[in-house]
Amino acid sequence: MTTIYDPKHPLYLDEADTRKEMERVFDLCHGCRLCFKFCPSFPTLFSYVDQHEDQDAGKMTPAQQDHVVDECFQCKLCYVMCPYIPELHEWALDFPRLMLRADAMRRANGQVSARDKATTAIMGRTDAIGTVATTPGIGAVTSVVMGSKPGSLVRKVVEKTAGISSVRMLPPFAKTRFTTWFKKRPKVRLTKRQAKVAVFPTCLVEYQDPNIGKDLVKVYEHNGIECSIAGDAGCCGAPFLHSGDIDSFTKVAVRNVKMLADEVRSGNDIVVPQPTCSYVLKKDYVDYVGGPDAKLVSEHTFDAAEYLVKLHKTEGTSLDTEFTGTIPETVTYHTPCHLRAQNIGLKSRDLMKLTGAKIKLVQQCSGIDGMWGLRAENAHLSLPIGEKLGQMVKDAGGDIVTGDCHLANTAINEQTGNKPVHPLQMIARAYGIPEEN
Ligand code: SF4
Ligand code: SF4
């Protein structure tokens with residue numbers, strides 16, 4: 001990694017150095033313009049530069065630079081598209097990482113409002129909130145707040161106090177946590193063990209949609225893969241990272257890297273059912289923690305469908321391709337940005353194709369990306385992106401809608417009235433594994 005994107009570099013949080021780098025990169029992007037359609041950041045950037053006759057990106061004010069930074073929601077698609085990334089070109093341009101650096105720099109230099117910090121502090125504490133929300137008795141209060149209708153008085157109060165948009169649909173909390181279910185279920189004996197994994201459930205599966213985790217475990221065990229839970233797995237830290245709170249992120253990351261490296265050393269691969277979190281484990285821990293353990297974790301972490309397809313294609317192991325359950329004729333599949341950014345191909349599509357279903361792809365960002373789209377100040381930018389996604393899903397018209405990202409799925413639900421399922425849940429039903437309540 002170049003020093004420009006190295007969070008441990010002494011100049012990483014230096015304002016003058018960061019703004020100089022923004023000037024360099026904004027000038028290159030203005031000449032290239034390839035990413036015009038991905039998000040509001042690029043049109044905003046180009047409009048500021050075009051205001052000047054000589055189109056000099058160096059004439060942008062700090063406030064204008066910050067406007068571009070604020071409109072980036074870390075989908076990473078510009079990195080996927082860019083021919084000038086550090087691995088390919090001497091310009092060493094990594095736009096999403098520069099946005100992360102600018103966010104961190106502003107926070108370190110006291111340029112983030114108290115309300116913004118409060119929103120990050122609340123949204124980043126997914127484990128604390130999730131634990132309360134799924135605790136019998138006291139959880140009901142959190143569930144009432146999170147489950148209140150968009151636009152309701154309760155949600156307006158939450159927006160005023162916590163900065164969480166009052167108009168967006170929020171993923172509701174479950175009654176029972178995924179790991180509670182896992183620990184309580186009867187011991188499973190595998191007839192033929194092909195592999196051994198530790199599931200990193202992510203807070204979205206742990207607290208909000210444990211059924212994804214239950215189906216993951218059952219599909220894996222159906223195929224002879226022994227499952228355990230990765231140590232004391234909690235949040236990956238993404239909400240902190242994407243808000244520029246590097247100290248809080250690094251604390252979470254250091255703890256997780258140690259725990260996950262121990263899992264790998266005990267013979268487990270790590271599987272993750274949520275793309276943002278698998279991206280963080282594979283890529284961000286290497287940058288922010290570094291060292292042999294972070295590398296080990298990165299090399300042994302897999303997206304949930306990626307792992308199954310790898311097993312199927314590896315000599316000596318295979319998946320059961322006898323599907324005796326319910327198989328829809330056509331499946332609409334939303335490809336999450338953070339899976340595309342992992343550059344692993346469309347493994348969930350490949351997996352679902354094994355059932356014989358016809359897969360229709362929808363490649364459109366949800367505009368949620370982590371928590372960005374749920375912040376009150378971003379809702380007006382995020383909603384039109386979600387609406388476009390909703391329309392594309394409706395137009396695709398599959399018998400069922402699938403998607404790996406629970407937050408994007410919530411945006412699809414918000415826009416279409418139908419809750420998509422994770423691809424592994426589609427596979428579970430295709431095997432005839434019934435859904436648990
Ligand atoms: S990461 Fe996504 S949101 Fe951010 S600038 Fe790139 S394309 Fe836009
Ligand atoms: S990020 Fe890369 S591809 Fe996108 S506009 Fe900038 S230079 Fe072009």
Side-chain angles (χ1 to χ4, degrees), residues 1-2 4-5 18-50 55-58 60 64-106 238-239 241-244 275-277 279-280 282-284 287 334-343 363-375 377-389 405 407-408 411:
M1 191 177 9
T2 68
I4 301 160
Y5 304 115
T18 308
R19 295 211 177 274
K20 198 84 203 131
E21 173 63 359
M22 278 200 264
E23 191 182 314
R24 178 186 82 94
V25 168
F26 289 179
D27 185 53
L28 293 170
C29 289
H30 180 263
C32 165
R33 299 180 96 91
L34 203 61
C35 297
F36 193 86
K37 61 183 182 307
F38 288 146
C39 68
S41 281
F42 287 99
T44 298
L45 156 58
F46 301 152
S47 73
Y48 281 134
V49 178
D50 288 338
Q55 299 185 319
D56 179 2
M60 282 175 69
Q64 290 172 340
Q65 287 186 333
D66 291 350
H67 190 183
V68 174
V69 176
D70 287 337
E71 291 186 346
C72 166
F73 39 82
Q74 286 298 318
C75 72
K76 322 273 188 202
L77 290 184
C78 55
Y79 179 84
V80 175
M81 280 300 293
C82 185
Y84 310 116
I85 56 173
E87 294 85 347
L88 298 177
H89 201 279
E90 60 186 334
W91 288 355
L93 196 156
D94 186 333
F95 203 96
R97 273 187 210 291
L98 177 59
M99 298 299 99
L100 285 179
R101 180 187 177 191
D103 260 336
M105 177 279 286
R106 289 191 299 170
L241 175 66
H242 295 165
S243 310
T276 306
C277 316
Y279 183 96
V280 169
K282 285 179 179 187
K283 312 260 187 198
D284 293 316
D287 291 349
H334 171 245
T335 58
C337 302
H338 290 162
L339 264 189
R340 290 167 70 189
Q342 291 180 28
N343 216 2
Q363 306 214 54
Q364 160 65 33
C365 187
S366 67
I368 299 286
D369 285 281
M371 301 284 180
W372 183 89
L374 302 181
R375 284 176 174 263
E377 67 273 20
N378 298 332
H380 69 290
L381 289 169
S382 175
L383 267 170
I385 303 171
E387 282 162 12
K388 189 172 172 196
L389 170 62
C405 174
L407 291 171

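We're numbering straight along the sequence, starting at 1. Read the numbers this way: they start at 1 and go in the same order the structure lists the ligands and their atoms.
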What protein heavy atom lies closest to [atom]? Include the residue and the distance to one decimal.
{"atom": "atom 6 (Fe) of ligand 2", "answer": "C29 SG, 2.4 Å"}
{"atom": "atom 4 (Fe) of ligand 1", "answer": "C72 SG, 2.4 Å"}
{"atom": "atom 7 (S) of ligand 2", "answer": "Y84 CD1, 3.5 Å"}
{"atom": "atom 3 (S) of ligand 1", "answer": "F73 N, 3.2 Å"}
{"atom": "atom 2 (Fe) of ligand 2", "answer": "C82 SG, 2.4 Å"}

Indicate yes or no for a side-chain donor-acceptor contact from Q74 to the backbone of P96 under 3.5 Å, with no hydrogens or angles considered.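 Checked: pair present.
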Any atoms of ligand 2 less than 4.0 Å from a non-hydrogen atom of C32? List them with their elements. 3 (S), 5 (S), 7 (S), 8 (Fe)
Going by the order shown, which atoms of ligand 2 are within less than 4.0 Å of some heavy atom of P83?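 Near P83, meaning under 4.0 Å from one of its heavy atoms, ligand 2 has 3 (S).
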Which pair of heavy atoms, one from T335 and one from R340, lies closest together, and at what distance?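 Residues T335 and R340, closest heavy atoms: OG1-CD, 3.7 Å.
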Looking only at heavy atoms, which two atoms of F46 and H30 are closest? And how far apart?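 Of all heavy-atom pairs spanning F46 and H30, the closest is CE2-CA, 3.6 Å.
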K76 near ligand 1 by a heavy-atom separation under 4.0 Å: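 It does; at least one heavy atom falls under 4.0 Å.
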May I ask whether Y79 has any heavy atom positioned less than 4.0 angstrom from an atom of ligand 1?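 It does not; every heavy atom stays at 4.0 Å or beyond.
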Those atoms of ligand 1 less than 4.0 Å from some heavy atom in F95: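 Numbered from 1, ligand 1 contributes 5 (S).
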Counting from 1 in the order shown, the ligand 1 atoms closer than 4.0 Å to a non-hydrogen atom of C39 are 3 (S), 5 (S), 7 (S), 8 (Fe)
Contact check: C75 to atom 2 (Fe) of ligand 1, N/O/S below 2.8 Å: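 It does: C75 brings an N, O or S atom closer than 2.8 Å to atom 2 (Fe) of ligand 1.
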Is atom 4 (Fe) of ligand 2 less than 2.8 Å from an N/O/S atom of C35, whether that atom is in the backbone or a side chain?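 So C35 counts as coordinating atom 4 (Fe) of ligand 2, yes.
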